Amino acid sequence: MPEGHTIHRYARKHWDDLGGQKIATSSPQGRFSSGAARLDGRTLTAIKAHGKHLFYRWEGGETLHIHLGLFGRFRRHTIPANEADLPPPSDGTRLVMTGEDVTIYLSGPTICRLVDPDTEASVRSRLGPDPLDDDSEIQKLKEFQANLARRSIPIGAALLDQKVTAGIGNVYRAEALFLAGIDPQIPAKDLSSESAVQLWSLSTELLRRGERAGRIITVDPTDVGAKRRSDLKKRERLYVYKRQGEPCRRCGTPISMSDMANRHIWWCSSCQPAGSGA
DNA sequence: GCTGCATGATGAA
DNA sequence: TCATCCTGCAGCA
């Protein structure tokens with residue numbers, strides 16, 4: 001499920017599977033038929049992730065722009081010796097990309113379209129700094145802080161705004177604010193410099209860990225009596241997300257929930273007391 | 001089988 | 001603030 005860590009992971013894995021190869025493309029569902037027909041047989045020259053957006057660049061200069069939204073997903077199959085053993089794409093499969101050894105099915109994306117390099121650049125220019133991007137850490141942090149300083153919306157809403165920072169979604173916003181001890185309600189511009197720095201470095205650390213592990217794990221194993229992160233059971237991997245009413249793993253206070261920026265948000269009212277982070 | 005919900009984002013009102 | 005688009009699956013009957 002797609003926050004930035006998943007997207008960067010896809011970019012890397014899809015490049016390993018398909019990079020530099022001539023790719024056969026099709027759209028069983030039909031909604032991307034013309035785009036798939038244009039790409040069919042072309043060589044994939046690069047894959048770039050920015051926040052939750054994916055950009056597949058092809059010989060000939062065009063870019064395939066994909067955004068998974070809430071429902072989009074990729075399915076990957078190694079092509080079996082007998083091609084009849086390959087599970088067929090479902091009727092809803094928007095795009096099939098087949099390389100030498102691997103085929104990828106895409107379903108449910110919010111965006112799947114061909115764009116020119118200028119459009120790719122303009123999409124990216126509207127996104128805030130991505131903690132998983134290779135750009136300079138100092139530069140990204142400065143941009144993040146400047147973006148916060150310009151907003152009076154609550155920090156919990158600002159973190160979901162991809163113009164502020166790109167890649168954080170509803171799980172990471174709740175978990176990062178908990179770990180940083182920040183009240184989700186405080187205005188973004190009121191965040192102290194220390195809290196902003198901490199929030200950025202936590203976001204980076206958590207997203208990196210998520211990309212590596214292939215799942216979101218924010219809990220320090222000692223907080224749940226485990227030795228290693230890999231030992232954590234599914235229900236133990238997060239501090240606050242979807243845990244309303246359950247005891248805080250740090251202090252035992254029941255976790256709170258409310259709505260912010262059209263999504264549920266969870267927090268601990270003792271670890272993140274009103275006004276904390278300012 | 002049906003219902004509701006979900007790790008997202010936009011555009012209208 | 002709401003309605004809408006995108007799809008799958010858990011939880012229920």
Side-chain angles (χ1 to χ4, degrees), chain A residues 1-11 27-33 35 49-55 64-76 87-96 104-113 115 119 122-128 130-132 151 153-154 156-179 184 202-204 206-219 232 234-244 255 257-267:
Chain A
M1 309 307 164
E3 294 195 27
H5 67 300
T6 308
I7 302 309
H8 281 261
R9 197 176 160 89
Y10 278 139
S27 178
Q29 178 200 46
R31 292 183 53 179
F32 190 59
S33 296
H50 189 148
K52 299 167 190 168
H53 296 252
L54 280 162
F55 302 96
L64 171 65
H65 177 204
I66 291 175
H67 190 296
L68 295 180
L70 203 46
F71 310 133
R73 62 188 290 182
F74 289 107
R75 278 167 249 257
R76 175 193 184 278
S90 67
D91 292 346
T93 303
R94 185 82 57 91
L95 170 67
V96 174
I104 307 275
Y105 300 157
L106 166 68
S107 65
T110 286
I111 296 171
C112 175
R113 60 172 186 165
V115 298
T119 307
S122 99
V123 168
R124 298 192 58 191
S125 73
R126 274 177 256 128
L127 295 170
D130 179 348
L132 292 179
R151 280 166 233 249
I153 56 172
L159 280 186
L160 282 191
D161 183 344
Q162 303 295 299
K163 295 189 283 302
V164 171
T165 174
I168 290 181
N170 207 26
V171 180
Y172 281 119
R173 82 154 163 181
E175 297 294 309
L177 288 171
F178 171 84
L179 281 165
L202 272 166
S203 304
T204 305
L206 295 178
L207 280 160
R208 276 199 191 127
R209 186 189 300 158
E211 187 193 355
R212 227 179 303 125
R215 57 169 69 118
I216 303 178
I217 306 175
T218 60
V219 166
L232 298 181
K234 197 172 179 188
R235 287 291 305 158
E236 296 176 334
R237 291 175 191 151
L238 303 174
Y239 281 106
V240 293
Y241 180 78
K242 274 192 178 170
R243 295 193 65 239
Q244 68 269 30
I255 298 301
M257 180 184 89
S258 68
D259 282 0
M260 185 177 288
N262 248 344
R263 318 285 299 276
H264 295 325
I265 185 165
W266 294 263
W267 77 99

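Lettering of chains follows the sequences in order, A, B, ..., and the numbering in each one begins at 1. Remember, predicted model here, so these are calculated numbers, not experimental data.
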Stacking check A:Phe71 vs C:dC6 (5.5 Å / 30 deg): no

Counting any heavy atom closer than 4.0 Å, what does [X] reach on the DNA or RNA strands: base, sugar-phosphate only, or nothing?
{"X": "A:Ser107", "result": "sugar-phosphate"}
{"X": "A:Arg215", "result": "nothing"}
{"X": "A:Arg173", "result": "nothing"}
{"X": "A:Glu175", "result": "nothing"}
{"X": "A:Leu68", "result": "nothing"}

Assuming nearest nucleotide by heavy-atom distance, tell me which of A:Lys163 and A:Tyr172 is located more 5' along DNA chain B. A:Tyr172

Nearest heavy-atom neighbours spanning A:Leu95 and A:Ile66: CD2-CD1, 4.3 Å

So, for A:Glu3 and A:Gly169, which heavy atoms are closest and what is the spacing to 0.1 Å? OE1-N, 2.7 Å

Rounding to a whole Å, what distance do you find between [X]:[atom1] and [N]:[atom2]?
{"X": "A:Arg243", "N": "B:dT7", "atom1": "CZ", "atom2": "P", "result": "16 Å"}
{"X": "A:Phe74", "N": "C:dC6", "atom1": "CZ", "atom2": "P", "result": "18 Å"}
{"X": "A:Arg263", "N": "C:dC2", "atom1": "CZ", "atom2": "C1'", "result": "15 Å"}
{"X": "A:Ile111", "N": "C:dC6", "atom1": "CD1", "atom2": "C1'", "result": "11 Å"}
{"X": "A:His53", "N": "B:dG8", "atom1": "NE2", "atom2": "P", "result": "12 Å"}
{"X": "A:Leu106", "N": "C:dT7", "atom1": "CG", "atom2": "P", "result": "10 Å"}
{"X": "A:Ile265", "N": "B:dA6", "atom1": "CD1", "atom2": "P", "result": "14 Å"}
{"X": "A:Ile66", "N": "B:dA9", "atom1": "CD1", "atom2": "C1'", "result": "17 Å"}

Of all the choices, B:dA9, C:dC6, B:dA6, which nucleotide is nearest to the side chain of A:His264 once you look at every atom? B:dA6

Could you work out which one of B:dT7, C:dC6, B:dA9 sits closest to the side chain of A:Tyr241? B:dT7

Of A:Leu70 and A:Asn262, the one whose closest DNA chain C nucleotide lies more 5': A:Asn262

By ring-ring contact (aromatic ring centres under 6.0 Å, His included), which residues pair with A:Phe178, not counting sequence neighbours? A:Tyr239

Does B:dT7 have a Watson-Crick or wobble partner in any strand here, with both distances under 3.5 angstrom, and which is it? none

CZ-CH2 distance between A:Arg173 and A:Trp267, expressed to the nearest 0.5 angstrom: 10.5 Å

So, OP1 or OP2 of B:dA9: does either fall under 4.0 Å of a side-chain N or O from A:Gln162? yes

Determine: side-chain N/O of A:Gln29 to OP1/OP2 of C:dT7, distance under 4.0 Å, yes or no. yes

If only side-chain N and O atoms count, and only distance matters, is there a donor-acceptor pair under 3.5 Å linking A:Ser122 with A:Thr119? no

Do A:Leu68 and A:Arg73 touch side chain to side chain, with heavy atoms closer than 4.5 Å? no

